[in-house]
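Working notes, beginning with the structure itself.
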Amino acid sequence: MTQMPPPVLAPDVFQRRLLGWFDAHGRHDLPWQHERTPYRVWVSEIMLQQTQVATVIPYFERFMARFPNVLALAGASQDEVLHLWTGLGYYARGRNLHKAARVVVDEHGGEFPVHNLDDMAALPGIGRSTAGAIIAQSTGQRATILDGNVKRSLSRLHAVEGWPGRPAVERRLWALAEHFTPRERLVDYTQAMMDFGATLCRRGRPDCARCPFNDVCLAHERGEERRFPESKPSKALPTRTTLMLLLCDDDGRVLLEQRPPSGLWGGLWGLPQFDDGESLRAWLDARAPGAKLAPSWASFTHVFSHFRLDITPQPARIARLDAVGEAQRWYDPEQPDSIGLAAPVKALLSSLAPFTLTAPAGPEPLHQEYSS
DNA sequence: AACCCGGGGTA
DNA sequence: TACCCAGGGTT
């Protein structure tokens, strides 16, 4: 076990400097800072997990106007909640927010369990850091946060080596965060830690000249502020392949399917997808036996953060297909419906509009042409 | 075009 | 316990 160097400052010195900076330069007028109830702090924290303050504010205001308390939220339908979440992305968090409201009402008598960190962290969508943030900010009890801002500041201050996603690094950062957490002024301290990372100890250009810790910061001493926190080790992206069926009818409309509610492109509309030509054919035989295949189009690649997807569009034509399932629709590229489309599907469909798909006389073998 | 983000899920 | 996942915004 490696001996860790001690923290660069005693807790009381760190707190005094941080709060002095916060009093002069922190954010004091955010909507959730006034009438700072657990409910309002919770909603703001969940929204802020994925989005910056300026974007969150109008969403937060609309949300509060429609769902002023946890009871109102628990009584709403999931659709209504997701409607107000539209545009924020990460809909799983909107769903968790709704689920957690129901747990608070059903299992905690409508009161957030703000006197028990573990109970808070057991609520859907709330982990250790968010639980700490809600408790500290809504009650002033001693609780510690470790969000991305705090991880960045602390890893610079102590030149913590290694990617914070690694358990050993994360443990060290939690220990530092707990070490500095005061026993008083928790509301201000917690906001100060977030503001400090967000506005001064920024990812790109930290403002070291104005930093109250620039005399003790180990990263600054080495002139290596930008090296911390270390980034996630990059891996070669795996490549997956898929066939996307462009089944067109005589009116030039294309068959779309709605994707399952969770996972990749959850809830969005897309083209029927297949791992290989065999399963595509089987699908056509079963559901559109009169369809005629055209030669497939050139493949293209869509890149995600964690894999590359090689997409081969496979056009086919059918005179008419009456049985359209609930999660299916005919889509007219020239008069697009206002629905959510997966990004590459959207690109494919908009490129489709000016063209007419032609089908050969008979069924063709699947023929893949790869562009360079 | 990389990089980032807190929590949930899985092997 | 040690990964992987989502997907829009920032840089």
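Proteins get letters first, then strands, A, B, ... in listed order; numbering begins at 1 in each.
- Listed nucleotides C/dT10, B/dG8, B/dC5 differ in distance to A/Q52; the shortest reach to its side chain belongs to C/dT10.
- In this structure, A/L123 reaches the sugar-phosphate backbone alone: every heavy-atom distance under 4.0 Å involves primed, P, OP1 or OP2 atoms, never a base.
- Rounded to whole Å, atom C1' of B/dC5 lies 13 Å from atom CG of A/L146.
- In this structure, CZ of A/R205 is placed 16 Å from C1' of B/dC3, rounded to the nearest angstrom.
- Note on A/I126: only backbone sugar-phosphate atoms sit closer than 4.0 angstrom, heavy atoms only; bases stay farther off.
- Rounding to whole angstrom units, CE of residue A/M47 and C1' of C/dG7 are separated by 17 Å.
- Residues A/H28 and A/F22 bring their aromatic ring centres within 6.0 Å.
- For the salt bridge (charged side-chain N to carboxylate O under 4.0 Å, His left out) test, residues two or more places apart in sequence or in another chain that qualify with A/R210 are A/D207.
- Protein atom CD of A/Q49 is 16 Å distant from nucleotide atom P of C/dG9, rounded to whole Å.
- Residue A/R166 is the one, among A/T55 and A/R166, whose nearest nucleotide of DNA chain C lies closer to the 5' end (criterion: closest heavy atom).
- Counting any heavy atom pair closer than 4.0 Å across all strands shown, A/G148 reaches sugar-phosphate atoms only and no base atom.
- Rounded to an integer number of Å, the gap from A/W85 CH2 to C/dG8 P is 14 Å.
- Where A/R171 and A/T51 each meet DNA chain C at their nearest nucleotide, the meeting point lying more 5' is that of A/R171.
- Using cut-offs of 30° and 60° on the angle between ring planes, the pair A/W85 and A/F63 is perpendicular.
- The distance between atom CG of A/L309 and atom P of C/dC5, rounded to the nearest whole Å, is 13 Å.
- Ion pairing between a basic and an acidic side chain is recognised when a charged N comes within 4.0 Å of a carboxylate O; A/D12 and A/R16 show such pairing.
- Spacing between atom CZ of A/R226 and atom C1' of C/dT11 amounts to 9 Å, rounded to whole angstrom units.
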When you compare the protein's N or O atoms with those of nucleotides 9-11 of chain B, which come within less than 3.5 Å of each other, and at what distance?
none

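- Closest to the side chain of A/R203, from the set B/dC5, C/dT11, B/dG7, is C/dT11.
- Residue pairs meeting the salt bridge (Lys or Arg N to Asp or Glu O under 4.0 Å) criterion with at least one member in residues 47-72 of chain A, sequence neighbours excluded: A/R66-A/E80.
- Side-chain proximity of A/P167 to the nucleotides B/dG8, B/dC4, C/dA2 is greatest for C/dA2.
- A side-chain donor-acceptor contact under 3.5 Å links A/R259 and A/Q273.
- Residues A/P229 and A/K151 have side chains not in contact (no heavy-atom distance under 4.5 Å, counting atoms from C-beta outward).
- The side chain of A/K232 has C/dC4 as its nearest neighbour among C/dT11, B/dG7, C/dC4.
- Across the protein-nucleic acid pair, A/L48 atom CG and B/dG7 atom P stand 13 Å apart, rounded to whole Å.
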